[in-house]
2 protein chains.
Amino acid sequence: MGGRGIGEVLQLLQAEFADVTISKIRFLEAEGLVTPARTASGYRKFSAADLDRLRYVLTAQRDQYLPLKVIKEHLGAIDRGLQPAAAGPPVAPSSLPQTPGQPVPEDFGATGTELRLTRDELRAAAGVPSELLDELESHGLVVASGNHYGGDAIVIAQVAAELAAYGLEPRHLRAFRTAADREVGLIEQVTGPRRTEQTGELAALTVRLHTALVRSRLPRS
Amino acid sequence: MGGRGIGEVLQLLQAEFADVTISKIRFLEAEGLVTPARTASGYRKFSAADLDRLRYVLTAQRDQYLPLKVIKEHLGAIDRGLQPAAAGPPVAPSSLPQTPGQPVPEDFGATGTELRLTRDELRAAAGVPSELLDELESHGLVVASGNHYGGDAIVIAQVAAELAAYGLEPRHLRAFRTAADREVGLIEQVTGPRRTEQTGELAALTVRLHTALVRSRLPRS
DNA sequence: CTCAACCCTCGACCAGCGGTTGAGGTCCGT
DNA sequence: ACGGACCTCAACCGCTGGTCGAGGGTTGAG
């Protein structure tokens, strides 16, 4: 109930972030990125929320190379109820609503305003040729609902383009679609077909599982 | 069509990037981010493509806080055939940066010293009961090589424990194992069975694809 | 030919970021 | 009352991303 000591926190985080240390956690507090409670005698006590904050910081650092100064601003924005408004890649004059700067890789929370892109906007935002989009659609990797696409389609298209450079074309990626469908199906089995509080949490967990599994099966150096 | 001298380049870029200097441009060359041609007497001559490259670098630095090392990798990726806008007509200076996609979300680089845990260490680190570990092993989600486990097993076990709280038990998770295996199989088809430079890059991409696909298929709020 | 403006290299130096280390001391469970 | 976990504070450190200056060629206008 009372929160965790710094040693325990270290254990928890080290599974996910190899280079975290006690001194780093203390440093992050000194920089104002977390503010754990203290016991009467001065020991830090980390709540679950503090842990989430730490995970946020470590993830942003590792995956987005953001400087602490910027991460701190994002956290501040979150605290104030805003969304981080990550300055994504500069958008061309054909300005769209906003490219989703992916605040946090594993944030599956409901985004208040879901992006709705026309096909042209999607193409421009992802910077991919129209044919690639066609192929992706024909294999069910990108789907339009009505005549617009969600923000995830940008990421999908961009990644597909990068994979194409390795010789992996959309048709090779069908299995990913299947796997994702099954995964979502499993989640819906638990939470029901409507989006609930749990949906995002579960998705974050299963994606984390997936990532760890892939990593664990990769050939070792 | 001789290209521009460094002073001229400076003028052009300073309109857009306040803090660019001659020495910075030279520094970027020294770091291998641009490779301008040289005149017989050694003067640098920047082509339009070199200018685009510089703009790309400066934009990525300013707007996405990317370290030069990462920017260099992105440029390398573009050079290796991914050039939706890179080789196209240099439109607006800011149109370039959107192509390479977001930074790699997960680090799949080879870790110098791979963790080797005994079963007890794993259990302790993940904080899960032994039975869960048994089940995970029997379904192939966690595998020992020899008599030790890798660091990813910690994450796998922890996530499995959290999922169990939602009623998802190891046997429900077999599909994840299969999906991960297939994913790694695909990667190895490209890179061969040994770990190479590309292995990690590719894994990061496929995991990113997977994540985006799941997200895109989750029920909307 | 000469002069100013421009450009070159190379090595030394530097500031800030993101921590690490260690000394010296307190707190807590057994 | 002991060992291990925790505390603070100041000094130190390695890396990144440059800057600066000395010493010296190149170019082009006059």
Side-chain angles (χ1 to χ4, degrees), chain A residues 2-14 17-47 50 53-54 56-75, chain B residues 2-14 17-47 50 53-54 56-75 103 107 109 112 124-125:
Chain A
R4 298 164 154 91
I6 196 169
E8 196 179 343
V9 166
L10 180 67
Q11 293 305 317
L12 289 170
L13 292 177
Q14 267 182 341
F17 308 93
D19 67 341
V20 64
T21 61
I22 291 220
S23 82
K24 183 163 180 171
I25 296 171
R26 291 205 264 244
F27 175 76
L28 292 176
E29 184 190 3
E31 296 294 299
L33 290 157
V34 265
T35 317
R38 299 294 187 122
T39 67
S41 56
Y43 280 28
R44 290 170 180 82
K45 281 295 162 193
F46 293 82
S47 69
D50 292 327
R53 244 177 136 79
L54 283 172
Y56 182 98
V57 171
L58 295 171
T59 310
Q61 231 186 357
R62 186 190 57 188
D63 297 348
Q64 280 155 287
Y65 308 96
L66 295 185
L68 292 184
K69 207 191 317 174
V70 173
I71 298 174
K72 188 176 175 183
E73 280 165 24
H74 286 192
L75 283 170
Chain B
R4 299 163 154 90
I6 197 169
E8 196 180 343
V9 166
L10 181 66
Q11 294 305 316
L12 289 170
L13 291 177
Q14 267 182 342
F17 308 93
D19 66 341
V20 63
T21 61
I22 290 222
S23 83
K24 185 164 179 170
I25 296 171
R26 290 205 264 243
F27 175 76
L28 292 176
E29 184 191 6
E31 296 294 299
L33 290 156
V34 262
T35 316
R38 300 293 187 125
T39 67
S41 56
Y43 281 27
R44 289 172 182 81
K45 281 295 163 194
F46 292 82
S47 69
D50 292 327
R53 247 178 134 76
L54 283 172
Y56 180 97
V57 171
L58 295 170
T59 311
Q61 230 185 359
R62 187 189 57 189
D63 298 349
Q64 287 169 271
Y65 309 96
L66 296 185
L68 293 184
K69 206 192 317 174
V70 173
I71 298 174
K72 189 175 174 183
E73 280 167 24
H74 286 190
L75 284 170
D107 177 14

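First the proteins, then the strands, lettered A, B, ... as listed; each starts at 1.
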query = Between atom CD in B:Glu8 and atom C1' in C:dC7, what is the gap in whole Å?
reply = 14 Å
Protein-nucleotides 28-30 of chain C N/O pairs under 3.5 Å:
{"residue": "C:dC28", "atom": "OP1", "partner": "A:Ser41", "partner atom": "OG", "Å": "2.9"}

remark   = 5'-most contact on DNA chain D (nearest-nucleotide basis), B:Gln61 vs A:Gly5, goes to A:Gly5
Gap between atom NZ of B:Lys69 and atom OH of A:Tyr65 - 0.5 Å precision = 8.0 Å
message = From C-beta outward on A:Pro67, which listed nucleotide comes closest to its side chain: D:dG18, C:dG18, D:dT8?
response = C:dG18
task = Could you check how far CZ of B:Arg38 sits from C1' of D:dT26, rounded to whole Å?
result = 14 Å
key: Between D:dG18 (C1') and B:Leu33 (CG): distance, integer Å   = 13 Å
inquiry  = Rounded to whole Å, please give me the gap between NZ in B:Lys45 and P in D:dT27.
reply    = 9 Å
note = With sequence neighbours left out, the residues meeting side chain to side chain contact (heavy atoms under 4.5 Å, CB included) with B:Thr35 are none
message = From CG of A:Leu10 over to P of C:dT20, roughly how many Å is that when rounded to an integer?
response = 11 Å
note = Separation between CG (B:Leu13) and CZ (B:Phe46), nearest 0.5 Å, reads 9.0 Å
message = Name the residue from A:Val34, A:Leu54, A:Asp50 that meets the side chain to side chain contact (heavy atoms under 4.5 Å, CB included) definition with A:Val9.
response = A:Leu54
message = So for atom NZ, which belongs to B:Lys45, do other residues, nucleotides or ligands contribute more than 12 heavy atoms lying within a distance under 6.0 Å?
response = yes
task = Between B:Leu68 and B:Ala40, name the one whose nearest nucleotide on DNA chain D is closer to the 5' end.
result = B:Leu68
ask   = Is any side-chain heavy atom of B:Gln61 less than 4.5 Å from a side-chain heavy atom of B:Phe17?
value = no
task = Send over the distance from A:Lys69 NZ to C:dG18 P, rounded to a whole Å.
result = 8 Å
inquiry  = Holding to salt bridge (charged side-chain N to carboxylate O under 4.0 Å, His left out), I want the full list of residues that pass it with A:Glu8, two or more places apart in sequence or in another chain.
reply    = A:Arg4
task = Would you confirm whether B:Gln64, through its side chain, and B:Thr59, through its main-chain N or O, come within 3.5 Å as a donor-acceptor pair?
result = no
note = Per atom distances to the A:Arg44 side chain, the nearest of D:dC7, D:dG18, C:dC8 is D:dC7
Hey, can you pull the donor-acceptor pairs under 3.5 Å for the side chains in residues 22-31 of chain B, sequence neighbours left out?
{"residue": "B:Ser23", "atom": "OG", "partner": "B:Thr21", "partner atom": "OG1", "Å": "3.4"}
{"residue": "B:Glu29", "atom": "OE1", "partner": "B:Arg38", "partner atom": "NH2", "Å": "3.2"}
{"residue": "B:Glu29", "atom": "OE1", "partner": "B:Arg44", "partner atom": "NE", "Å": "2.4"}
{"residue": "B:Glu29", "atom": "OE1", "partner": "B:Arg44", "partner atom": "NH2", "Å": "3.2"}
{"residue": "B:Glu29", "atom": "OE2", "partner": "B:Arg38", "partner atom": "NH2", "Å": "3.1"}

ask   = Once you round it to whole Å, what is the distance between P of C:dG18 and CD1 of A:Ile71?
value = 8 Å
task = Would you mind pulling out the nucleotide paired to D:dG30, Watson-Crick or G-U wobble, both distances under 3.5 Å?
result = C:dC1
Close approaches to DNA chain D from residues 20-32 of chain B, in residue order (heavy atom, under 4.0 Å) = B:Thr21, B:Ser23, B:Lys24, B:Phe27
